[in-house]
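Quantities reported herein were computed from a predicted structural model and do not represent experimental measurements. In what follows, every chain begins at residue 1, and chains take the letters A, B, ... in the order their sequences are listed.
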Amino acid sequence: MASETRVRFAPSPTGALHIGGARAALYNWLVARQSGGAMVLRIEDTDRERSTPENVEQILDALRWLELDWDEGPISQVERSPRHQEVLADLVARDLAYRTTATAEDVKAYKQEHGDAAGFRGTPSPDGEGAVRLRVPGGDIVVHDLIRGEATFRAEHLDEPVIARADGSVLYNFAVAVDDHDAGITHVIRGEDHLSNTPKQLLVYAALGATPPAFAHLPLLHGHDGKKLSKRHGAASVQELRAAGYLPAAVRNYIALLGWGDVDSETLIATPDLVERFELSRVSRNPSRFDEQKLRWMNGRYLRELSLDELTVELEAFTGRSGLRAGAEISAEKIQTLADFWPLAGFLYDGPVSDPKAREKWLTNPEHLAALVDARSALSALEAFTLEEIEAALRGVAAAREVKAKDVFQPVRVAIAGTAASPGLFESLIVLGRDASLARMDAAFAARI
RNA sequence: GCCGCUAUCGUCCAGGGGACUAGGACGCCGCCCUCUCACGGCGGAAACCCGGGUUCGAAUCCCGGUAGCGGUACCA
């Protein structure tokens, strides 16, 4: 029981869940699930400005969509304030921390005098006013990181960190250590941007007389231009990924591989296998870039693994339409995302789309128009409106007119779909039905220039 | 500035002293399949940041440089 693995995901609710955050959540979740341990969700909401209920809900919503469930929480950091105050008072009482009115200017002045590399050392204010700073002892502070090995920080370089504001409210580096300790967290898995803060947190653990958890700092994720991920980088948040028509399973697979690779470098790894094979120690130390093209490819693979029933459910949920099964069936191998479906197959339900270029190319030439007319009559004369019959009829028209099949198929396609790209022509005709197909061909001919 | 982390194809991941003629995937190019668009198949181009050192031997270990990133808040 004492050896149970306990991890936590502790986002600050600043808005949508970023894919970097999503990856941290996933890695934590993988560790929890593979070890049979627990994942604790904690909302780091000590910055009241940014923490709104809406922002918190967005995070939870993203996690639920990704199907990453947590075992405890969400815990609000703010609500743990009494405990923070208790610990804070204790540290001050034991002179491990002290109140001081030193300002940023004072810190600057100190460095001017002692050198840039010298960590700030303040003096307690006589009246016990001001912010609370933690005392920094001498020696080296070593972060034992599961991913990077050891990172050594010399204590003398470290400023005495402010752990509580003058008004008594506590700061992140203090609260995070107290909370992780109280929650019995055994593994802190988070972004590399926290690595430099870890020594400060280690100091808090030391002041508490507590054994720190194991740390694992994940390399950061960058956009395609190598810069930090932002709105400018396409679908960079979980909600954007969802809106772009990606499947949670594909997103999990893709994100897992951003910074982690197995020995046999496979790319398609289903979630249960991820749980089994994921190893923190094999996480890369290099920052990686989010490449939506690869996600698109991967999503296509996951889409094609869905049964027709499953795909239909997904597409109907995504588009908000119903009765899409026939269209789904003939489009399955042509779409990469759920969002690709409607532009490709919407014409089956809402009529031909408007694509002047396609009309110009395939429905203005007299040859093409004549082929359309021949095709129309061949289709109307068919005994049965089946795939074989339709194909034979249309190929027959091409043979009789001594033109390539394409010169018959494309005019028909543009007539029924409005555009030059669609699911298979014969299949599309069947889904539409003979009457609707013929009507559309008539309308297209009537609209010729 | 100071402190820290990182450096293999365009991108992601593998290789961690000899098996490297550096492997896989996305993307790209070509061919095949083909009614469009895709899917699928086959083939191709494409990388060890630079400089020293250690070693019989370095992509791999060490040092330096350079570059990128992060931290440096009474933010998280």
Listed nucleotide nearest any side-chain atom of Gln336(A), set A38(B), C35(B), G70(B): A38(B)
Pair partner, U60(B) [Watson-Crick or wobble, under 3.5 Å]: none
Touch class at under 4.0 angstrom, heavy-atom based, for Phe153(A) against every strand present: sugar-phosphate
Atom C1', compared across G23(B) and C33(B): separation rounded to whole Å: 28 Å
Minimum-distance nucleotide (side-chain atoms of Asp159(A) versus G40(B), A76(B), U72(B)): U72(B)
Which nucleotide in C5(B), C26(B), A76(B) has an atom nearest any side-chain atom of Arg148(A): C5(B)
Pairwise P distance for C50(B) and A22(B), with rounding to whole Å: 16 Å
Whether His222(A) stacks on the six-membered ring of G68(B) base, 5.5 Å and 30° limits: no
Which nucleotide in C39(B), G40(B), C35(B) has an atom nearest any side-chain atom of Phe426(A): C35(B)
G68(B) phosphate, OP1 or OP2, under 4.0 Å from Arg289(A) side-chain N/O: no
Gap between atom CG of Leu382(A) and atom CD1 of Ile390(A) - 0.5 Å precision: 6.5 Å
Any Gln293(A) side-chain nitrogen or oxygen under 4.0 Å from OP1 or OP2 of C12(B): no
Beyond-backbone contact of Asn253(A) with Tyr302(A), side-chain heavy atoms, under 4.5 angstrom: yes
Distance below 4.0 Å between Arg165(A) side-chain N/O and C75(B) OP1 or OP2: yes
N or O in side chain of Asn286(A) less than 4.0 angstrom from U6(B) OP1/OP2: no
Identity of whatever pairs with U11(B) - Watson-Crick or G-U, under 3.5 angstrom: A25(B)
Separation of the P atoms in C62(B) and U54(B), to the nearest angstrom: 15 Å
C1'-based separation of A47(B) from U8(B) [nearest Å]: 6 Å
Opposite nucleotide pairing with U36(B), Watson-Crick or G-U, both atom distances under 3.5 Å: none
Between CG on residue Leu315(A) and CD on residue Glu310(A), distance to nearest 0.5 Å: 12.0 Å
Heavy-atom side-chain contact between Val7(A) and Val40(A) under 4.5 Å: no
Nearest-nucleotide pick for Arg304(A), side chain only, options being C2(B), A14(B), C39(B): C39(B)
Nearest-angstrom distance from the residue atom CG of Leu220(A) to P of G68(B): 16 Å
Listed nucleotide nearest any side-chain atom of Gln410(A), set C2(B), C35(B), A14(B): C35(B)
Spacing of the P atoms in G27(B) and G1(B) (rounded, Å): 41 Å
Lys334(A) side chain, from C-beta outward: closest of C13(B), C37(B), C5(B): C37(B)
Among A38(B), G10(B), C74(B), the one nearest Glu333(A) by side-chain distance: A38(B)
Sub-4.5 Å side-chain heavy-atom contact between Phe341(A) and Gln336(A): no
Below 4.0 Å: OP1/OP2 of A7(B) and any side-chain N or O of Arg285(A): yes
Aromatic contact, Phe318(A) with Tyr246(A) (centres under 6.0 Å): no
Below 4.0 Å: OP1/OP2 of C26(B) and any side-chain N or O of Arg296(A): no
Nucleotide opposite C31(B) in a Watson-Crick or G-U pair, distances under 3.5 Å: G41(B)
Presence of Ser284(A) side-chain N/O under 4.0 Å of C13(B) phosphate oxygens OP1/OP2: yes
Partner nucleotide of G71(B) by Watson-Crick or wobble geometry (both distances under 3.5 Å): C2(B)
Same-atom distance (P) from C29(B) to G51(B), integer angstrom: 34 Å
Of the listed nucleotides C35(B), C5(B), A76(B), the one nearest the side chain of Glu427(A): C35(B)
Touch class at under 4.0 angstrom, heavy-atom based, for Leu171(A) against every strand present: sugar-phosphate
